[in-house]
Every structure is written in structure tokens, then in C-alpha cells.
Amino acid sequence: MNVQAMAEELAQRLVYLSSLESLFVTNGEGGFEYWVVGNNISEDEEYCLYDAKWTLLSANPELAIDLHLVDRRGQPLTELLNLERLDGTVNLTDLR
């Protein structure tokens, strides 16, 4: 499955969560590793994010999917995440 397509599929499930800013994905052995970035994410939004993960897992049971939530809390993203080795990206704020 196409890495960018997988990033966009999850992004469509998350675009309504206003504190989420971007989504990054790397292609690993047998699956995908997602990094979802937001700023001051609420507990309700966090639950919605993990619901979206389970929906994605259910739709793609043959894939290993790992999801990480990065809450910047006002810090620059470059201080929290290495952006050099990414296979797919989606800017969620551009989709709103």
C-alpha cells in the first residue's frame, strides 16, 4: 500500500480535531509508523485519535500500524521530532 495514501487516509479521519496540526508516516517492515502532531491536545481529542487508529487497524488487518501522539505544548516541532526520515506527510491545518 502507498505510504502517502495511508497518511491521507488517517488524516481524513482526524481533520476535524482542531488541535491536531500534522501527520507523518514512515514505512517499516510489514506496516506503518504514524506520528500525529498537535498543540495542547485535549483528552477528548486523544480518545478520538485512538478510535481512528482502531478503525484504520480494522480496515487493514494485514498491516502492523503503530501510532505516536506528539503534543508540542507550544514547543517547536523540530525540538521534539526528527523530520529527516519520513515517507509521507499531511498538513492537517491545510485540509480545514
Side-chain angles (χ1 to χ4, degrees):
M1 184 162 264
N2 179 293
V3 176
Q4 187 62 33
M6 288 297 291
E8 291 171 5
E9 181 180 344
L10 183 58
Q12 290 303 316
R13 299 175 194 279
L14 301 177
V15 69
Y16 70 95
L17 300 173
S18 62
S19 68
L20 299 184
E21 302 169 335
S22 52
L23 183 146
F24 305 102
V25 63
T26 57
N27 190 6
E29 286 187 34
F32 298 93
E33 189 166 10
Y34 291 91
W35 300 85
V36 180
V37 178
N39 192 35
N40 298 314
I41 300 165
S42 72
E43 189 174 314
D44 287 341
E45 288 175 314
E46 192 173 332
Y47 287 125
C48 291
L49 172 64
Y50 289 110
D51 283 345
K53 175 190 175 182
W54 289 115
T55 302
L56 191 63
L57 282 168
S58 298
N60 301 283
E62 72 284 1
L63 295 176
I65 295 174
D66 196 8
L67 187 138
H68 307 279
L69 177 60
V70 179
D71 191 345
R72 297 188 309 102
R73 298 181 191 258
Q75 292 182 291
L77 182 58
T78 54
E79 290 182 12
L80 303 171
L81 188 62
N82 180 350
L83 302 175
E84 292 180 16
R85 197 190 142 269
L86 300 169
D87 300 314
T89 63
V90 178
N91 185 332
L92 295 168
T93 57
D94 289 346
L95 299 177
R96 294 188 187 107

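Since this is a predicted model, take the numbers as computed values, not measurements. Note: hydrogens, waters and symmetry copies are ignored here, and every other heavy atom, side chains too, is used.
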Heavy-atom pair of closest approach, residues Leu14 and Ala52: CD2-CB, 3.7 Å
Assigning hydrophobic clusters by single linkage (Ile, Leu, Val, Met, Phe, Trp, Tyr; side-chain heavy-atom cutoff under 4.5 Å), is Val90 placed with Phe32? yes
Compute whether any side-chain donor of one residue and acceptor of the other, for Glu8 and Gln4, lie under 3.5 angstrom apart. yes
Could you measure the distance from the OG1 atom of Thr55 to the CG atom of Asn60? Nearest 0.5 Å is fine. 11.0 Å
Is there a continuous path of hydrophobic side-chain contacts, each under 4.5 Å between heavy atoms, that joins Val70 to Leu23? no
Verify same cluster id: Val36, Trp54 (apolar side-chain graph, 4.5 Å): yes
Any chance you could measure Arg72, atom CZ, to Gln75, atom CD, to the nearest 0.5 Å? 9.0 Å
Residues 67-96 vs ring pair (Phe, Tyr, Trp, His ring centres under 6.0 Å), sequence neighbours excluded, gives Trp35-His68
Derivation of the side chain to side chain contact (heavy atoms under 4.5 Å, CB included) call for Leu95 and Gln12: CA-CA 9 Å; Leu95 299 177; Gln12 290 303 316; 3.9 Å; yes
Give me the atom names and distance for the closest heavy-atom approach of Leu57 to Leu63. CD2-O, 4.4 Å
So, applying side chain to side chain contact (heavy atoms under 4.5 Å, CB included) with Tyr34, which one of Leu49, Leu56, Leu69 is it? Leu56
To check you understand the geometry: which heavy-atom pair defines the closest contact between Ser42 and Ser19, and what is its length? N-OG, 4.4 Å
Stepwise side chain to side chain contact (heavy atoms under 4.5 Å, CB included) check, Leu67 with Leu10: CA-CA 11 Å; Leu67 187 138; Leu10 183 58; 3.9 Å; yes
Closer than 3.5 angstrom, by distance alone: can the side chain of Asn39 be matched with the main-chain N or O of Arg73 as a donor-acceptor pair? yes
Test Glu45 against every option in Leu17, Asp71, Asn40 by the side chain to side chain contact (heavy atoms under 4.5 Å, CB included) rule and name the one that passes. Leu17
I'd like a table of donor-acceptor pairs (distance under 3.5 Å, sequence neighbours excluded) in which one partner is a side-chain atom from residues 76-87, with atom names and distances.
| residue | atom | partner | partner atom | Å |
| --- | --- | --- | --- | --- |
| Asn82 | OD1 | Glu84 | N | 2.9 |
| Asp87 | OD2 | Asn27 | N | 2.6 |

What one should report as the nearest heavy-atom pair of Glu9 and Arg13 is OE2-NH2, 3.2 Å
Check the hydrophobic clustering (I, L, V, M, F, W, Y; side-chain heavy atoms under 4.5 Å; chains of links allowed) and say if Val37 and Ile41 are grouped together. no
